[in-house]
Amino acid sequence: MKAATISQLKKKLVKLDHDDLLDVCVRMAKFKVESKELLTYLLIKADDEIGYANDLCSEIDLHLNAPGRIHKKTLRKVVRWIDKSLRFSGNKETELQVRIHFCRRIKDKRISFGNCRVSQNMYATQRKKIDKAIDKVHPDLQFDYKQQMSGL
């Protein structure tokens, strides 16, 4: 089955009454975990963007505070999770806070990349994403975020 376009889906959703729309949302959430996570963000966490960013940062701490050495698979897993979680928000300030926190944790933990180009590239990619996001926020905030980046 080929998926419909967003505009087609939107036209159909507008025609549904409240109860049918609720049934569609609940049924959609049952099928895929990512849909359920998105609904959780939209219905519960979207009101408190700062709290959401802090939750993401604490989750990063849990992943990176594992005893022993941090491998590239762990970093890759955390980066994928960060990207998915930030897609839900779409807020550049939240993105900056979380990505800077991730890079700062890598520096604080003194994670050595050694000869691992994959890990080096992951870190460099996060830095590039931070730089792009800084350009999209208010100029007053740009200065603050650039100050935070100076240590990285």
Might you point out which heavy atoms bring [X] and [Y] nearest each other, and give the distance in Å?
| X | Y | result |
| --- | --- | --- |
| Gln142 | Asp135 | NE2-O, 3.3 Å |
| Ala29 | Ser35 | CA-CB, 4.3 Å |
| Cys57 | Val98 | SG-CA, 4.1 Å |

Worked verdict on Leu86 versus Arg99 for side-chain contact (heavy atoms from CB on, under 4.5 Å) = CA-CA 10 Å; Leu86 291 176; Arg99 290 193 194 281; 3.8 Å; yes
Please tell me if the side chains of Asn91 and Tyr52 come closer than 4.5 Å, counting only heavy atoms from C-beta onward.
->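 No, their side chains stay 4.5 Å or more apart.
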Report yes if the side chains of Tyr123 and Leu75 come closer than 4.5 Å at any heavy-atom pair, otherwise no.
->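 Result no, sub-4.5 Å side-chain heavy-atom pair not found.
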Taking a hydrophobic cluster as the set of Ile, Leu, Val, Met, Phe, Trp and Tyr residues connected by side-chain heavy atoms closer than 4.5 Å, whether directly or through intermediates, do [X] and [Y] fall within one such cluster?
| X | Y | answer |
| --- | --- | --- |
| Val118 | Val79 | yes |
| Val26 | Val24 | no |
| Leu22 | Leu42 | no |

First locate atom [atom1] of [X], then atom [atom2] of [Y], and finally report the distance between them rounded to the nearest 0.5 Å.
| X | Y | atom1 | atom2 | result |
| --- | --- | --- | --- | --- |
| Phe88 | Thr40 | CZ | OG1 | 8.5 Å |
| His101 | Ile106 | NE2 | CD1 | 10.5 Å |
| Leu38 | Lys36 | CG | NZ | 13.5 Å |
| Asn121 | Arg76 | CG | CZ | 11.0 Å |
| Glu95 | Ile134 | CD | CD1 | 10.0 Å |
| Ile130 | Cys103 | CD1 | SG | 4.0 Å |

Between Glu49 and Ser89, a side-chain donor and acceptor under 3.5 Å = yes
More than 12 heavy atoms of other groups within 6.0 Å of [X] [atom1]:
| X | atom1 | value |
| --- | --- | --- |
| Lys129 | NZ | yes |
| Ile50 | CD1 | no |
| Leu62 | CG | yes |

Donor-acceptor pair, side chain of Ser58 and main chain of Asp55, under 3.5 angstrom | yes
Looking only at atom types and distance, does a side-chain atom of Gln97 sit under 3.5 Å from a main-chain N or O of Thr94, one as donor and one as acceptor?
->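 No.
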Asp108 bridged to Arg105 by N-O distance under 4.0 Å |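 Yes.
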Are Lys84 and Glu37 close enough, and set up right, to give a side-chain contact (heavy atoms from CB on, under 4.5 Å), and what steps lead you there?
-> CA-CA 10 Å; Lys84 180 180 72 168; Glu37 290 171 344; 2.8 Å; yes
